[in-house]
Each structure stands twice: as C-alpha cells, then as structure tokens.
Amino acid sequence: MPEGPSIVILKDLIKDLHLGKPEILEVEGSAKNLDKDRLLHEKIQDFKSWGKHFLICFKDFTLRIHFMLFGTYLINAHKKTKLTLGLAFKNDELNFYTCKVDLLEGNVKEHYNWENDIMAEEWNSRAAIKKLKEMPEALVCDVLLDQHIFSGVGNIIKNEVLYRIKVHPLNKIEDLPPAKVKALVKEARNYSFDFLKWKKENTLSKHWEVYSQKECPRKHPITKKELGKTHRQTYYCGKCQKLYQQN
DNA sequence: CGAAATGTTTATGA
DNA sequence: CTCATAAACATTTC
C-alpha cells in the first residue's frame, strides 16, 4: 500500500465515487490529537496526494494521512482492526487503518511542493538532478528513498529502478556517468507509472525483476543485503548492475 | 509459530 | 549540537 503510486490509486478510487464536495456527517477513529468537532459538518474541497501522503483538503486546513508500512483503507466497507480514522458522508464512508493522521493549518500549497512528487504532473526532473549533484557522496540506494528528492519512491521502486538502469546500489552519485544520473531520475518516474498500471491490474509482483527475487531476468543470482544509511533490504544483480568505482 | 515486509519518527549515545 | 544508530509503532503474509 504505502508507495506513491498506491496513494494515487486511492485518490482515483475516491474520485470515481463522484462525491463532489462532500460534507462530513460522522467522524470516528482513534487517531490521536484528532479534533473531531473541527471536521464535523465541514465540506471536503479536494482529495490530493503528495508522495506517500494522502491529503484531504478543507477550506482552512488539510488532513494528512500517512500509511507507514502497514496502513490500509476501505471505501464503503470496514473491518475488525482498530479504526484510526473514519469519515462518513451522505451515502459513502472512508475508513483508514494503521495510519498516522496530522492536521496541517492553512493552504495545503504552503506545505508541499509538487515538483518533488514522482507521480505529479508538476514533477521536475531537472530539480531532482540538481539536488543529486549537491550530494556527491550519497549512495544511489539512499538517494532514491530520499523523500525530499523523490517523494513517493519506496523500497520496491528503488530496487527495480536500479536494476532497470543497470546501476549497482552502492555507487556514489559522483561516480556515476552523467547519463546514468539522468537515467536514474527518468526511470524513477517511469517505473512509478508502470507500478501504478500493474498495481491496478493486480499484477505488480509478477513484473518484479529483482525485488524479492532469487534470480534476475538473465538468470544470474540476486544478492539481498541491507545497504546504505537507510538499511533497507536491497536486491540486486552483481553481474548486470555496474559498480563504477571501487574503494 | 516466527520472521519479514511497500516507512517514518523519536530516543539515545558518541 | 550534530550525526549515526537503535528502538518504537502496528498488521498481514508465508
């Protein structure tokens, strides 16, 4: 659920309900610091996503929902797990579980820059390249998870992008040929849209080339290791993915 | 049943 | 004070 494309799917599902600007008739849930009175009878102006954040926008504030690792939601359905936030409208309800809810004051545009959102129309690849050049020592397996550069990219996207561009996860940005830096940025967005398409078709895991795999498409063995300062599981092919400088 | 997993924040210590 | 590391949180799947 938690990577950027999955949040876009949630947003699209809600748009498909054609709610318009629904009034909140009921608020439930255990989210801490949740001011239920503030939400009651307010009208939702818009549903947005930014990276892994799902945003419910009101006139003067925005609810931010972050699903972390285990978060889920149900639309017009519910389950036994403790409800974190439930919103009921005239004919529909949205239920969010195991997520973090925050209230952002003021206009949502003051809080987010959509140039960094890997799924947004406003995505700015040149800005991403510029930020990468400012961190020459950083490892490629870490920068892909940096939400200030690639908001929405998670561990699956990280691993698949690096295999697609045949770059070893332990390369430093400064050691990559400029064409590979460009390819990194381009594929981060490309793969995210493939992720979106495959996730909608329910075929995402069938398309994994390295993530959670034993061998790569060329039948080489996959290495699985916790790498970088993020210490996330990294799956890569030592034969297909090049390490440009060793030290 | 134990382990691991699409993630981030907070606490702790050097 | 800042950085690196550890711990914390919560649920489903294999």
Side-chain angles (χ1 to χ4, degrees), chain A residues 1-13 29-34 49-55 63-74 77-86 95-104 111-112 116-119 134-139 141-164 169-170 172 187-214 222-236:
Chain A
M1 152 93 267
E3 297 194 39
S6 299
I7 308 300
V8 171
I9 290 173
L10 166 58
K11 187 178 65 176
D12 289 350
L13 285 173
S30 60
K32 57 175 184 180
N33 306 326
L34 178 65
S49 65
W50 180 89
K52 298 168 189 170
H53 299 197
F54 180 62
L55 304 169
L63 278 189
R64 163 174 68 200
I65 297 177
H66 198 301
F67 291 96
M68 308 301 283
L69 203 50
F70 309 126
T72 52
Y73 60 85
L74 287 172
H78 56 92
K79 60 175 182 174
K80 284 182 200 147
T81 317
K82 188 167 81 174
L83 179 66
T84 309
L85 175 67
N95 293 312
F96 302 98
Y97 305 88
T98 330
C99 53
K100 200 173 345 166
V101 179
D102 287 293
L103 194 147
L104 309 177
H111 293 271
Y112 293 102
N116 310 337
D117 177 2
I118 198 75
M119 301 303 291
E134 287 164 3
M135 45 199 318
E137 301 270 314
L139 300 178
C141 60
D142 285 332
V143 298
L144 275 165
L145 294 175
D146 187 332
Q147 301 300 297
H148 303 292
I149 308 176
F150 299 103
S151 336
V153 169
N155 206 34
I156 295 174
I157 297 175
K158 172 194 85 177
N159 284 297
E160 293 296 313
V161 165
L162 290 177
Y163 184 76
R164 277 192 172 186
L170 289 177
K172 288 179 184 171
E187 267 318 309
R189 182 164 165 90
N190 263 352
Y191 181 79
S192 294
F193 279 90
D194 284 339
F195 184 122
L196 174 67
K197 182 178 72 187
W198 291 329
K199 179 99 182 171
K200 281 184 169 176
E201 295 173 355
N202 229 337
T203 62
L204 180 64
S205 57
K206 271 201 275 184
H207 289 90
W208 287 336
E209 297 190 308
V210 289
Y211 180 78
S212 198
Q213 302 304 299
K214 291 270 183 290
I222 294 290
T223 306
K224 176 191 180 189
K225 254 188 195 169
E226 281 189 2
L227 298 181
K229 64 178 178 188
T230 47
H231 296 124
R232 301 297 302 281
Q233 289 296 350
T234 307
Y235 297 83
Y236 63 96

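Chain identifiers are assigned alphabetically (A, B, ...) following the order of the sequence lines, protein sequences preceding nucleic acid strands; residue numbering begins at 1 within each chain.
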Taking OP1 and OP2 of [N], is either one under 4.0 Å from a side-chain nitrogen or oxygen of [X]?
{"X": "T230(A)", "N": "dG7(B)", "result": "no"}
{"X": "K79(A)", "N": "dT12(C)", "result": "yes"}
{"X": "K52(A)", "N": "dT8(B)", "result": "yes"}
{"X": "R232(A)", "N": "dT6(B)", "result": "yes"}
{"X": "Y211(A)", "N": "dT6(B)", "result": "yes"}
{"X": "K224(A)", "N": "dA5(B)", "result": "yes"}

Nearest listed nucleotide, side chain of [X], among [options]:
{"X": "H66(A)", "options": "dT8(B), dA5(B), dT9(B)", "result": "dT8(B)"}
{"X": "T98(A)", "options": "dT11(C), dT8(B), dT6(B)", "result": "dT11(C)"}
{"X": "K199(A)", "options": "dT11(C), dT6(B), dG7(B)", "result": "dT6(B)"}

Examine the side chains of T203(A) and K197(A) and answer whether a donor and an acceptor come within less than 3.5 Å of each other.
no
Determine whether the side chains of T72(A) and K79(A) contain a donor N or O and an acceptor N or O closer than 3.5 Å.
yes
Expressed in whole Å, how much space separates the P atoms belonging to dT9(B) and dT12(C)?
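One P to the other, the span is 23 Å.
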In whole angstroms, how far is the [atom2] atom of [N] from the [atom1] atom of [X]?
{"X": "K32(A)", "N": "dT10(B)", "atom1": "NZ", "atom2": "C1'", "answer": "10 Å"}
{"X": "I7(A)", "N": "dT8(B)", "atom1": "CD1", "atom2": "P", "answer": "10 Å"}
{"X": "N159(A)", "N": "dA5(B)", "atom1": "CG", "atom2": "P", "answer": "11 Å"}

DNA chain C: 5'-proximal contact among T72(A) and M68(A) (nearest heavy atom):
M68(A)
Does any nucleotide pair with dT6(B) by Watson-Crick or G-U wobble geometry, both distances under 3.5 Å, and what is it?
none
Only one of F195(A), Y191(A), Y235(A), Y236(A) passes ring-ring contact (aromatic ring centres under 6.0 Å, His included) with Y211(A); say which it is.
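It is Y235(A); the other options fail the test.
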Let me confirm one number: the OG1-CG distance from T234(A) to N155(A), rounded to the nearest 0.5 Å.
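Between atom OG1 of T234(A) and atom CG of N155(A) there are 6.0 Å.
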